[in-house]
**Q** 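Structure below; questions to follow.
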Amino acid sequence: MPSKKNATPANPAPAVEDPDAPPPPDPVPPVQVLYCAVCTFPPEYCEFGASLTRCKEWLKEEHPDLYDKYYSEDALTAKLGTLSVEAQSKLEKDTAKKEAKAEAKADAALKKKMASQVTIKRIERNKRKHVTSIHGLEAFGIDLKKAAKQFSSKFATGSSVTKNPQGLEEIVVQGDVSDEIVEMIEAGVGVLKGIPADNVEVVEEKKKKGAE
Amino acid sequence: MFKKFSPTTDIAGHTPVKTSIQRGIRAGILSQWKIEPETLEAIWPKKEGLVLVKCREHISIYTVHNEPLLFQHFDGPYYPTLQLLHKYPYILPMVKVDRGAIRFLLAGAHMMCPGLTSVGGYLPPADASLPAGTPVAIHAEGKDNAVGIGITKLGTEEMRKVNKGVGVELATYLGDDLWALQTL
Ligand SMILES: [Zn+2]
């Protein structure tokens with residue numbers, strides 16, 4: 001690497017103004033706040049979220065000292081603070097309710113995801129040329145642009161994200177690569193993770209003869 | 001402000017902010033927040049362009065490197081995002097709500113005076129009282145980090161005297177849709 005002359009990036013001296021001026025004061029460093037990997041709150045607020053059970057599991061695993069700080073017997077009594085016992089039990093009930101609701105919602109989302117289909121279509125462009133369209137990957141949380149990129153580097157062909165006539169986004173890859181894509185999805189290569197093989201269907205679209 | 005906020009429907013557009021206007025914003029922040037110029041420089045270096053993300057209902061979010069740093073309602077005071085406040089907790093004066101109020105705050109409610117004046121709450125002492133219209137960090141009884149950011153509706157001394165109705169209007173809080181936005 002070429003070395004830069006006078007490389008002092010942290011505190012460039014105010015060269016022209018006043019050579020005797022004291023160096024500029026250092027900025028105050030930011031406080032590093034730990035956030036819960038489950039609910040994104042600082043762990044002290046997990047108890048108000050909708051995923052306390054999973055939050056606690058995470059904290060116990062990753063930061064056992066903090067887990068003790070927030071959830072030990074003593075901590076729980078001290079935490080009550082000025083809150084009455086009734087209000088506290090109301091809060092606990094609320095939390096349980098919220099948690100159940102969030103779980104039901106996650107369940108429904110998962111069911112919906114598991115019911116959605118990925119359609120791989122082999123489309124005939126002319127006698128020997130085909131393109132392959134892949135539709136429905138986004139339902140599995142896959143970034144279409146990244147997937148398209150993965151296809152184009154894997155098959156060394158053009159691959160792009162386009163809108164189909166129904167206005168839904170899909171990936172179009174040049175050439176007939178439908179079988180290979182099915183294999184990639186089954187193997188969960190790269191970004192193509194989490195799609196059950198049963199949810200993948202391959203269809204063929206022949207060139208239309210005449211006007212329809 | 002951000003209880004229900006969706007980037008796809010609530011944003012009108014992104015525009016880079018003119019240098020002259022950036023200077024005004026920087027001066028505004030330095031006069032409104034208790035922040036050292038060099039710290040602000042570390043958060044938002046002068047050579048980095050500020051981007052204005054225009055949102056519905058006259059909300060402006062300002063970002064640096066796509067990361068929301070501050071926001072403003074109409075031409076009111078500048079608020080840091082809660083993430084920024086967590087990093088620099090001293091930049092706004094602090095009030096505290098009692099434990100009973102946390103649940104309501106996290107549902108997006110404005111903070112009533114009794115939740116601030118009770119034993120678990122906190123308002124600055126008389127000689128450091130805050131006038132109405134001051135952005136404040138909202139802390140919570142027994143917690144280290146701020147739970148939200150709001151603006152005083154009454155002076156803090158008045159809150160003590162009246163002790164009913166809304167004392168602090170909530171601007172952003174833990175878990176609202178601004179909190180959920182890491183980048184914009
Ligand atoms: Zn959590």
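Proteins come first, then strands; the chains are lettered A, B, ... in the order of their sequence lines, and each starts at number 1.
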**Q** Is the backbone N or O of B:Val17 less than 3.5 Å from a side-chain atom of B:Gln22, with the two atoms forming a donor-acceptor pair by type?
**A** yes

**Q** Minimum heavy-atom separation for B:Leu123 to B:Thr156, with atom names?
**A** CD1-O, 3.8 Å

**Q** Where does the angle between the aromatic ring planes of B:Phe5 and B:Phe2 fall among parallel (under 30°), tilted (30 to 60°) and perpendicular (over 60°)?
**A** perpendicular

**Q** Between A:Glu47 and B:Lys143 (salt bridge meaning N to carboxylate O under 4.0 Å), is one present in this structure?
**A** yes

**Q** Does B:His73 reach the main-chain N or O of B:Ile59 with its side chain, forming a donor-acceptor pair under 3.5 Å?
**A** no

**Q** Which atom pair, heavy atoms only, marks the closest approach of A:Cys36 to A:Trp58?
**A**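 Between these two residues, the closest heavy atoms are CA-CZ3, 3.5 Å.
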
**Q** Is there a donor-acceptor pair closer than 3.5 Å between any side-chain N or O of B:Thr152 and the backbone N or O of B:Gly133?
**A** yes

**Q** Are there residues of residues 174-184 of chain B whose heavy atoms fall under 4.5 Å of chain A's heavy atoms? If so, which?
**A**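 When heavy atoms of chain A are the reference, residues 174-184 of chain B contributes B:Leu174, B:Gly175, B:Trp179 within the under-4.5 Å range.
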
**Q** In terms of heavy-atom proximity below 4.5 Å to chain B, should A:Val33 be classed as side chain, backbone, both, or neither?
**A** side chain

**Q** Between A:Tyr70 and A:Pro43, what is the shortest heavy-atom contact and its length?
**A**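 Scanning both residues, the minimum pair turns out to be CE1-CB, 3.8 Å.
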
**Q** With sequence neighbours excluded, tell me which residues meet salt bridge (Lys or Arg N to Asp or Glu O under 4.0 Å) with B:Glu157.
**A** B:Arg160

**Q** How far apart are the closest heavy atoms of A:Ser133 and A:Glu170, and which atoms are they?
**A**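 Smallest interatomic distance, heavy atoms only, reads CB-OE2, 3.9 Å.
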
**Q** Please flag which part of B:Ala107 lies under 4.5 Å from any non-hydrogen atom of chain A: side chain, backbone, both or neither.
**A**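 No part of it gets close to chain A.
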
**Q** Can you check whether A:Gln117's main-chain N or O pairs, donor with acceptor, with A:Glu201's side chain at less than 3.5 Å?
**A**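 Absent.
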
**Q** Report, as yes or no, whether the 6.0 Å neighbourhood of atom NZ on B:Lys18 holds more than 12 heavy atoms from other residues, nucleotides or ligands.
**A** no

**Q** At under 4.5 Å between heavy atoms, what parts of residues 79-97 of chain B are in contact with chain A? List them by residue number.
**A**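 Result: B:Gln83, B:His86, B:Lys87, B:Tyr88, B:Pro89, B:Tyr90.
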
**Q** Does A:Ser72 use its side chain to pair, donor to acceptor, with the backbone of A:Lys69 at less than 3.5 Å?
**A** no

**Q** So if I take each residue of residues 24-58 of chain B and look for any heavy atom under 4.5 Å from a heavy atom in chain A, which residues do I end up with?
**A**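 Residues of residues 24-58 of chain B touching chain A at under 4.5 Å: B:Glu36, B:Glu38, B:Thr39, B:Ala42.
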
